[in-house]
Amino acid sequence: MIQQLSLFPYLETQASTRPPDFIPVYTPVLNGREEKYVLDAVRSGWISSLGSYVTRFEEAFARFCGVRHAVSVSNGTVAIHLALHALGIGPGDEVIVPSLTFVATANAVHYTGATPVFADVDPVTWCLDPADVRRRITPRTRAILPVHLYGHPAPMPELQALADEHELLLIEDAAEAHGAAIGGRRVGGWGRIATFSFYANKIITTGEGGMVTTDDDALAARCRLLRDHAMPPHRRYWHDEVGFNYRMTNLQAAVGVAQMERIDSFIRRKREIAARYRKELAGMAGVTFAAEQPGYTNVYWMVSVLVAAPYALSRDELIPALRARGIDSRPFFHPLDTLPPYLSATPRPVALHLSRCGLNLPSSPALTDAQVAYVCQVMRELAG
Ligand SMILES: *Cc1c(COP(=O)(O)O)cnc(C)c1O
């Protein structure tokens, strides 16, 4: 399992310095029917975007999210772009996004010609803070685009009320939160439209891949049209507008169908791993976990902690110290409004604070209990 990691540059460490029992931040689990289905797709000859696995994957994913439609696409970034474009968001519009997220959320807004406007996040949920969103609404605001960061749902009921009050669209970036829920209702079905990613380290993977989910029949049809060069299914080589090639292949979908057969067990295991970390690190001074809000189900894409005094090491000192003991970890994202393309004069204070002390610990469902115990033991040894 660990050997496979060298295939993923994102997860790579220097092979020569990696001990044999190195614990990565994430390993995809591909030992179900993935091989069988991919082989079947290859042998069938249906390897591009037509093929039964695409339909099966979309149907299984829509059922999982409790929505009417799931439209597969080539990755999670274009899923957001497609959703925004299908809703008619473009030049002159503003879309409110959290400052603390992966850069793709803002880039997808930028691709449409609209402007991403960065709102601060909540110190407890680490997701979009409705009070700060309210302050950033202008006459140009068209949409609010919350992110369910590291697996914890954003406060959708509050954001929906705000969107209704100002007649704004609500769009979910659920790339990190497949299966997360509020009051038992899963993400992907809260916004007018939602998007997911199936990158190798996401909750399920198709290698590269993404999905758009919605209950709106017309919007789903529009996404299907636009992802295939805006070519109507019954009028070949006719195009009323400029579309995209954002299609997923049957090979990717074959992996997706196999992953959907096990998604419940992945999530169960991820919640178990998070509970183990929490129990073993409980009461460790200077180490704080994200609080799962009452009624909210966190799927712990990442098991994340904030590291601060009196813990002996800063977050930036802890990463190499863990690495030296064979444990990989990742810092939180930089606030997007501190990056050159999106630089603002007034960084959002909560996002900035979390970004400086947030750390993602090994979080793969493939982790053994012994590995989790070892990470916790090292965290205790380094605590000072
Ligand atoms: C991973 C991710 C994306 C982009 O997904 P890709 O499939 O890598 O394009 C978008 N938003 C968030 C919050 C993500 O974590």
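Order of appearance sets the numbers: ligands from 1, and atoms from 1 within every ligand.
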Salt-bridge criterion met for Arg135 and Asp132 (N-O under 4.0 Å): yes
SB check Arg323 Asp328 (cutoff 4.0 Å): yes
Proximity to ligand 1 by part of Thr77, non-hydrogen separation under 4.0 Å: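 The answer is both.
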Sub-6.0 Å ring centroid separation between Phe57 and Phe198: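 Between Phe57 and Phe198, the centre distance is under 6.0 Å.
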Aromatic contact, Phe244 with His85 (centres under 6.0 Å): yes
Arg315 to Phe332, cation-pi by 6.0 Å centre distance and 45° axis angle: no
May I ask you to list the atoms of ligand 1 that are less than 4.0 angstrom from any heavy atom of [X]?
X: Val147; result: 13 (C)
X: Gly76; result: 4 (C), 5 (O), 6 (P), 7 (O), 9 (O)
X: Thr101; result: 13 (C)

Write out the residue and atom name of the closest protein heavy atom to [atom], then the distance separating them to 0.1 Å.
atom: atom 15 (O) of ligand 1; answer: Glu176 OE2, 2.5 Å
atom: atom 11 (N) of ligand 1; answer: Asp173 OD2, 2.8 Å
atom: atom 2 (C) of ligand 1; answer: Lys202 NZ, 2.6 Å

Plane angle bin for Phe61 and Phe64 - parallel if under 30°, tilted between 30 and 60°, otherwise perpendicular: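 Correct class here is tilted.
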Ile80 N/O under 3.5 Å from ligand 1 N/O: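 No, no N or O pair falls under 3.5 Å.
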Nitrogen or oxygen of Trp301 less than 3.5 angstrom from that of ligand 1: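 For ligand 1, there is no N or O atom that lies under 3.5 Å from one belonging to Trp301.
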pair Val109-Val97: side-chain heavy atoms closer than 4.5 Å: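 Yes, their side chains come closer than 4.5 Å.
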